[in-house]
Amino acid sequence: MYSEKVMDHFQNPRNVGEIEDASGVGTVGNAKCGDIMRIFLDIDEKGIIRDVKFKTFGCGAAVATSSMATELVKGKTIREAMQVTNKAVMEALDGLPPVKVHCSLLAEEAIHAALWDYAEKNGITIEGLERPKSDIGEHEEEQEY
Ligand code: FES
């Protein structure tokens with residue numbers, strides 16, 4: 001049911017962890033399955049994503065898509081990171097079963113939420129970036145998981 005790449009990224013996820021004093025942090029969740037994903041970005045003064053880490057409390061596909069998404073944005077510019085859509089992540093993983101497509105969407109949303117946080121902190125606008133719909137970072141304490 002899963003591609004070898006999905007299994008590999010699920011079993012050996014890349015970039016797991018946190019970044020202290022991250023340039024941007026995005027936390028998103030899916031209300032239906034209850035899975036949560038958090039992405040930390042370290043962005044240098046030239047706007048290059050120097051480092052990225054993630055923490056995912058969720059299904060195997062969510063872990064694999066977060067892992068692949070972090071690999072795809074690492075070392076990239078913000079503009080390039082904006083091209084890392086859920087479709088790009090799925091393609092890089094050689095596909096996902098239809099019921100797992102929403103997991104890859106979570107990865108895209110988490111990156112966007114982290115970029116949004118970075119933009120807000122620095123008072124800049126990132127072209128094409130919209131306020132994250134499901135950023136739950138600020139209300140975390142109020143939610144029960
Ligand atoms: Fe919801 Fe995978 S089942 S993120």
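In each ligand, atom 1 is the first atom listed, and ligand 1 is the first ligand listed.
- To the nearest 0.5 Å, the span separating NZ on K5 from CE on M68 amounts to 5.5 Å.
- With a cut-off of 2.8 Å, the protein N/O/S atoms near atom 1 (Fe) of ligand 1 add up to 2.
- Taking the side chain as every heavy atom from C-beta outward, R38 and F54 never approach each other to under 4.5 Å.
- Looking at S23, its side chain never comes within 3.5 Å of a backbone N or O of Y118 through a donor-acceptor pair.
- A donor atom on one side chain and an acceptor atom on the other are not found under 3.5 Å apart for S3 and D94.
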- prompt: Can you list the steps and then say if I49 with D42 is a side-chain contact (heavy atoms from CB on, under 4.5 Å)?
  reply: CA-CA 6 Å; I49 299 172; D42 176 19; over 6 Å; no

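- Contacts of N12 classified as side chain to side chain donor-acceptor pair (under 3.5 Å), with partners at least two apart in sequence or in another chain: D8.
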